[in-house]
Enquirer: 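This is the structure, below, for whatever I ask next.
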Amino acid sequence: MLMKEYRICMPLTVDEYRIGQLYMISKHSCEQSGGGEGVEVVKNESDTHPQHGQGQLTEKRIYLSSKLPAWARTFVPRFFYVTEKAWNFYPYTITEYSVSLLPRFSIRIETRFENNNGDNSNVFGDTPTPAENVSFLDILSDPIPEKHYKESEDPSRWQSSKTGRGPLEKGWRDNQKPIMCSYKRVQCSFEVYGFQTRTEEFIHKNIREILLIGHRQAVTWTDEWHGLSIEEVREYEQEMQEKTNTKVKSSLNTDSPTASRPVISRSISVTDERSLKKMGVTTVAMSDPSASSVPHSPIRLNSTPE
C-alpha cells in the first residue's frame, strides 16, 4: 500500500470553501460527463454522526474506462465503473473508491480543512505522515497537462470582483490573507503481483493532477459561487446531478444499447471497515444495481478528493 499526504493551499477561508467545494465538484462532474463516461450520482442525502455532527452521504459511479492506460484495460470490460462513497462531515471527510472486478484495488482519502498555510504537521491527530511522503501542491506554479489549461482558470490571471482577491503571485502562500489548506491523506492499494508498484504510482499521479485542477477551479470560479448559501448550493448541486445523470445514461445507451453493466458492489478493506466502526459508522452490502433503477440504501460514505 502506498500512502501520501497532499497539502493544497487556497486564498479562501474554510467556511467559504464549504460552498466552493460543492459548487466545483458539481460543475466539474457535469462538464466531464458524456460520450459514455462521466459521473452518475446514485445517492446524496444528509446524515448525522454522533462525533462529527451533521454531514452528507454521497454515492457515485464513475465511468472512465477510456482514461485507463492500455495495460490496465486488460483487467476490465468496456463499460465498467468505480464506486465512490463519501462521508462529508465538513471540515473532515472520508472518501473510498472500489471496483468489485478488482477486489484487491482500493483508494481511501481522508481530508481535513484548516485556516493555515499547510504548516500543521499532524492535522489528523494520530501518527504524523513522514516528511518524505508529504507533497505541497501549488495551484499557481505546479504544472498541469496542457490539455487541461484554460486562461480563465489560471490563478496568475485570476481576479475576483466579489472578493478583490487575485491574481496570485510567486510566494503567495507566505503572505496571502485569508489562506486555508486542504490536507489529504491518500492510501491506495493494488495487490496484484507484477502490477502493484506501477498501478499505485499511476493512481497517485492522477490524484495529484485531479487535485491541482480541482483546487484551481474552486479558486478561479469564486465569483460564480461566492455569496451562495448552503441551501442555494445544494439546489445547484441537485440540478447539476440531474443533468449529469442524464448525460451519462443517454451516452451509455447510445454507445452500446445492448451492453449490460457489470455487477458492481462496494468492497471495503478490513482496515477501512474497522476505522469506520470506530467512528460509529456501519455499512451494509448493496444489491446488484442492474436489478433496479433505485439502489437499496447502503449506510454511509463520502466523496471528495476530493
Side-chain angles (χ1 to χ4, degrees), residues 8-33 38-60 84-95 109-116 139 150 152-153 155 158-168 176-184 210-211 213-247 281 297 300-306:
I8 314 101
C9 291
M10 293 172 285
L12 304 169
T13 67
V14 170
D15 286 342
E16 288 173 333
Y17 187 61
R18 184 184 184 190
I19 303 297
Q21 178 194 47
L22 294 173
Y23 182 92
M24 177 267 293
I25 291 173
S26 299
K27 179 177 177 179
H28 182 77
S29 295
C30 191
E31 287 185 345
Q32 297 300 309
S33 297
V39 181
E40 179 183 5
V41 181
V42 297
K43 183 178 289 293
N44 188 6
E45 61 188 29
S46 60
D47 187 52
T48 302
H49 186 273
Q51 177 184 351
H52 300 290
Q54 185 66 34
Q56 195 80 6
L57 160 65
T58 308
E59 177 189 339
K60 300 177 181 178
E84 176 194 276
K85 295 259 188 173
W87 291 279
N88 189 342
F89 301 109
Y90 198 85
Y92 174 69
T93 68
I94 300 174
T95 309
I109 303 175
E110 283 183 274
T111 304
R112 188 169 290 280
F113 306 103
E114 289 194 342
N115 287 312
N116 56 48
I139 61 173
K150 295 182 181 180
S152 61
E153 296 174 1
W158 160 72
Q159 177 109 42
S160 168
S161 60
K162 288 187 176 180
T163 66
R165 300 169 202 166
L168 299 185
Q176 173 66 39
K177 299 295 180 183
I179 192 168
M180 64 162 288
C181 183
S182 172
Y183 295 82
K184 292 185 175 289
I210 290 168
L211 291 178
I213 294 170
H215 288 78
R216 284 165 62 104
Q217 290 174 333
V219 170
T220 56
W221 293 348
T222 295
D223 286 350
E224 297 181 33
W225 57 260
H226 199 276
L228 294 177
S229 66
I230 189 67
E231 292 78 18
E232 289 171 329
V233 79
R234 286 294 183 195
E235 289 180 8
Y236 174 81
E237 182 182 49
Q238 181 62 36
E239 178 185 342
M240 289 296 102
Q241 286 174 7
E242 292 173 0
K243 290 183 179 180
T244 300
N245 286 1
T246 298
K247 289 168 69 174
V281 180
S297 302
R300 253 225 69 115
L301 253 170
N302 164 59
S303 96
T304 328
E306 299 147 219

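As a basis for the values below, the full set of heavy atoms in this structure was taken, side chains included, without hydrogen atoms, waters or symmetry mates.
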Enquirer: Might you work through the side chain to side chain contact (heavy atoms under 4.5 Å, CB included) test for M24 and W225, ending with a clear yes or no?
Expert: CA-CA 9 Å; M24 177 267 293; W225 57 260; over 6 Å; no
Enquirer: Does Q159 offer a backbone N or O that forms a donor-acceptor pair with the side chain of R165 under 3.5 Å?
Expert: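 Side chain of R165 to backbone of Q159: no pair is present.
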Enquirer: Do you know which two heavy atoms are closest between K247 and C30, and how far apart they sit?
Expert: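 For K247 and C30, the tightest heavy-atom pair comes out as NZ-O, 2.6 Å.
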Enquirer: When rounded to the nearest 0.5 angstrom, what is the spacing between NZ in K162 and OG1 in T222?
Expert: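 The OG1 atom of T222 is 9.5 Å from NZ of K162, to the nearest 0.5 Å.
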Enquirer: Considering all heavy atoms of both residues, which atom of W158 and which atom of L168 are nearest to each other, and what is their separation?
Expert: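 Residues W158 and L168, closest heavy atoms: CZ3-CD2, 4.2 Å.
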Enquirer: Would you check if Q54 and S46 make a side-chain contact, meaning some heavy-atom pair closer than 4.5 Å?
Expert: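 Q54 reaches S46 side chain to side chain.
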Enquirer: Closest approach of C9 and N116, non-hydrogen atoms and distance?
Expert: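 Minimum heavy-atom contact is SG-O, 4.3 Å.
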Enquirer: Applying side chain to side chain contact (heavy atoms under 4.5 Å, CB included), can you list everything that pairs with E232, at least two apart in sequence or on another chain?
Expert: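 Only L228, S229 meet the side chain to side chain contact (heavy atoms under 4.5 Å, CB included) criterion with E232.
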Enquirer: Any chance the side chains of D47 and Q56 put a donor and an acceptor closer than 3.5 Å?
Expert: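 The answer is no; no qualifying pair exists.
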Enquirer: Going through the distances and angles, do V233 and I230 end up as a side chain to side chain contact (heavy atoms under 4.5 Å, CB included)?
Expert: CA-CA 5 Å; V233 79; I230 189 67; 4.0 Å; yes
Enquirer: Which distance, rounded to the nearest 0.5 Å, do you find between the NE2 of H226 and the OG1 of T163?
Expert: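 Taking NE2 in H226 and OG1 in T163, the distance rounds to 6.0 Å.
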Enquirer: For the residue pair Y17 and Y90, categorise the inter-ring angle as parallel (less than 30°), tilted (30 to 60°) or perpendicular (more than 60°).
Expert: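 Plane angle between 30° and 60°, so tilted.
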Enquirer: Which heavy atom of S182 sits nearest to which heavy atom of M10, and what is that distance?
Expert: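 Taking every non-hydrogen atom into account, CB-CE, 4.4 Å.
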Enquirer: Quick one: does V39's side chain get under 4.5 Å of N245's, heavy atoms only?
Expert: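 In short, these two side chains do not touch, never coming nearer than 4.5 Å.
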Enquirer: Do we see a donor-acceptor contact under 3.5 Å between the side chains of D223 and S161?
Expert: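 Result is yes, a qualifying pair exists.
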Enquirer: Is there a donor-acceptor pair under 3.5 Å between the side chain of N88 and the backbone N or O of G55?
Expert: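 Not confirmed, N88 side chain does not pair with G55 backbone.
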Enquirer: Ion pair present between E237 and R234, side-chain N to carboxylate O less than 4.0 angstrom?
Expert: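 Yes, charged N to carboxylate O under 4.0 Å.
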Enquirer: So which heavy atom on Q21 is nearest to which on F113, and how close?
Expert: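 Distance-wise, the nearest heavy atoms are NE2-CZ, 3.5 Å.
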Enquirer: Determine whether N115 and I179 satisfy the following criterion, side chain to side chain contact (heavy atoms under 4.5 Å, CB included), listing intermediate values before the conclusion.
Expert: CA-CA 6 Å; N115 287 312; I179 192 168; over 6 Å; no
Enquirer: Is there a donor-acceptor contact under 3.5 Å from the side chain of E16 to the main chain of T13?
Expert: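 The answer is yes, because a donor-acceptor pair under 3.5 Å joins these two groups.
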Enquirer: CD of E84 to OG1 of T58: how many Å apart, nearest 0.5 Å?
Expert: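 Taking CD in E84 and OG1 in T58, the distance rounds to 7.5 Å.
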Enquirer: From L12 CG over to R18 CZ, what is the distance, rounded to the nearest 0.5 angstrom?
Expert: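 Those atoms lie 15.0 Å apart.
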Enquirer: I need the F89 CZ to L57 CG distance, nearest 0.5 Å.
Expert: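 It is 8.5 Å, given to the nearest 0.5 Å.
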Enquirer: How close do E153 and R216 get, heavy atom to heavy atom, and via which atoms?
Expert: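 Scanning both residues completely, I find the closest heavy atoms to be O-NH2, 3.4 Å.
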Enquirer: Once you round to the nearest 0.5 Å, how far does CD1 of I109 lie from CG of L211?
Expert: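 The CG atom of L211 is 7.0 Å from CD1 of I109, to the nearest 0.5 Å.
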